Chemist: 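Handing you a structure now.
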Amino acid sequence: MTYPIAYQLYSSRNFPPLADQLPILKAMGYDAIEPWLPAYEADPKLFRRQLDDAGLACCGFHMPLAGLVSDPNRFIDIALTLGATILIPPYVTIEERENTPAYWQFLGQKLAKGADAAKPHGLKVAWHNHDFEYYALPDGTRPIEHIFAESGDAWFEIDCGWIVRAGADPATELKRYASRIIAIQLKDTAPIGTKQDDGWTATGDGIISWGHLIPLFRATTADHLVAEHDNPSDWQAFAKRSIDYMKKIGL
């Protein structure tokens, strides 16, 4: 089985215009993109036309958690316009975070409420992790556990690179949340302490043993993969090396 492969447009936010990147990504072999706010915000219909012209789909998009809570219909409309099926809140700021199980349980409840609102439209909600969900709270539990204990029908876009950065094991997390994982980000990281490109690399160029993880990918409910790099100095080199590696190892 091979997966559709999406490219997270956040990776090349520093190399506008984004519309010019779309045909390049298609030529590299990408099937879809995963945009972040504000890439699609100004004119979702225009953005959809640009995707269609390039022959790319939109599997899902990143959006604010606050938008899912306070203005879900707006983002549901955007999803329907883009042809996306997954709404993905990816982050809460350090100022918002609280070091208590109750805070993270409430975040999970917000996801559950958003998932309930999206479901009648044939849409899904998924949480995207960073590193902070894997750092232990004072009682020894982790935020990720509390999020998914309360998140109802919400899914999980798992970011393997951030899990490694947090000192956790992506294999363990892929097994634990296999039935919730709807998308897998193959974000790779250089050895800790690397300064170039903020320590991120193209998929296959870092320290993650992807070959070891492939059987675990197959055991999840993921229906697509995503390439992402937080700060590449050469976005095209990152994008091309990543998709070539994914295809080389049979993904």
Side-chain angles (χ1 to χ4, degrees), residues 5-16 18 21 24-25 28 30 33-39 60-62 64 88-97 99 126-137 142-144 147 156-174 176-177 181 183-214 216-217 222 224-249 251:
I5 300 177
Y7 174 87
Q8 170 52 259
L9 279 178
Y10 182 80
S11 306
S12 46
R13 67 196 179 283
N14 294 325
F15 303 91
L18 293 177
Q21 299 172 10
I24 297 171
L25 291 165
M28 289 179 183
Y30 284 94
I33 54 89
E34 184 180 84
W36 90 107
L37 196 74
F61 57 87
H62 285 195
I88 311 170
Y91 195 69
V92 285
T93 66
I94 192 168
E95 293 80 14
E96 295 173 279
R97 297 174 214 158
N99 213 21
W127 180 252
H128 170 90
N129 70 279
H130 284 73
D131 54 351
F132 54 81
E133 298 94 333
Y134 290 91
Y135 294 133
L137 300 172
R142 305 177 305 168
I144 195 73
I147 291 171
F156 188 13
E157 179 183 60
I158 189 169
D159 185 321
C160 296
W162 276 118
I163 290 173
V164 170
R165 286 276 184 103
D169 179 10
T172 299
E173 303 308 313
L174 285 161
R176 177 182 292 224
Y177 296 110
I181 293 171
I184 302 170
Q185 279 206 349
L186 280 76
K187 183 186 286 183
D188 213 337
T189 180
I192 303 302
T194 302
K195 301 299 183 184
Q196 182 177 354
D197 291 357
D198 292 342
W200 301 110
T201 72
T203 307
D205 287 349
I207 62 175
I208 297 178
S209 177
W210 297 108
H212 172 67
L213 297 178
I214 289 174
L216 303 178
F217 292 174
H224 70 282
L225 309 177
V226 184
E228 185 184 37
H229 186 308
D230 277 5
N231 194 22
S233 51
D234 184 335
W235 79 268
Q236 291 194 46
F238 151 69
K240 184 71 165 59
R241 287 182 67 82
S242 294
I243 193 166
D244 286 352
Y245 178 79
M246 291 185 208
K247 291 181 179 295
K248 179 181 177 182
I249 61 175
L251 294 172

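Quantities reported herein were computed from a predicted structural model and do not represent experimental measurements.
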Chemist: Check whether Arg13 reaches the backbone of Asn231 with its side chain - one donor and one acceptor, N or O, closer than 3.5 Å.
Modeler: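 Such a contact is absent between Arg13 side chain and Asn231 backbone.
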Chemist: Tell me whether the rings of His229 and Phe238 are parallel (<30°), tilted (30 to 60°) or perpendicular (>60°).
Modeler: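 Because their plane-to-plane angle is over 60°, the rings of His229 and Phe238 count as perpendicular.
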Chemist: Sort and list the pairs that fulfil salt bridge (charged side-chain N to carboxylate O under 4.0 Å, His left out) and have at least one residue in residues 161-174, not counting sequence neighbours.
Modeler: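 Salt bridge (charged side-chain N to carboxylate O under 4.0 Å, His left out) check on residues 161-174 returns Arg142-Glu173.
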Chemist: Name the orientation class of the two ring planes belonging to Tyr91 and Phe132 (parallel below 30°, tilted from 30 to 60°, perpendicular beyond 60°).
Modeler: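 Tyr91 vs Phe132 ring planes: perpendicular.
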Chemist: Going by the angle between their ring planes, with limits at 30° and 60°, are His128 and His62 parallel, tilted or perpendicular?
Modeler: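 Taking His62 first and then His128, their aromatic rings sit tilted (interplane angle of 30° to 60°).
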Chemist: Looking at Ile192, I want to see if its CD1 is surrounded by more than 12 non-hydrogen atoms of other residues, nucleotides or ligands under 6.0 Å.
Modeler: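 Yes, enclosed.
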Chemist: Going by ring-ring contact (aromatic ring centres under 6.0 Å, His included), name the residues that satisfy it together with Tyr135, two or more places apart in sequence or in a different chain.
Modeler: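 Expected list: none.
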Chemist: About how many Å separate OH of Tyr10 and CG of Leu18, when rounded to the nearest 0.5 Å?
Modeler: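 Rounded to the nearest 0.5 Å, the CG-OH separation comes out at 12.5 Å.
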Chemist: So, the side chain of His130 versus the backbone of Pro90: is there a donor-acceptor pair under 3.5 Å, distance only?
Modeler: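 Here the side-chain-to-backbone pair exists.
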Chemist: For a 4.5 angstrom cut-off between non-hydrogen side-chain atoms, does Tyr177 reach Asn129?
Modeler: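 In short, these two side chains do not touch, never coming nearer than 4.5 Å.
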Chemist: Using the side-chain hydrogen bond (donor to acceptor under 3.5 Å, both in side chains) criterion, which residues pair with Arg176? Sequence neighbours excluded.
Modeler: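 If we apply the side-chain hydrogen bond (donor to acceptor under 3.5 Å, both in side chains) test to Arg176, skipping adjacent residues, there are no hits.
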Chemist: Is the shortest side-chain heavy-atom distance between Glu34 and Ile88 below 4.5 Å?
Modeler: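 Yes, side chains in contact.
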Chemist: If we ignore angles and hydrogens, is there a donor and acceptor under 3.5 Å between the side chains of Asp188 and Trp210?
Modeler: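 Trp210 and Asp188 do have a side-chain donor-acceptor pair below 3.5 Å.
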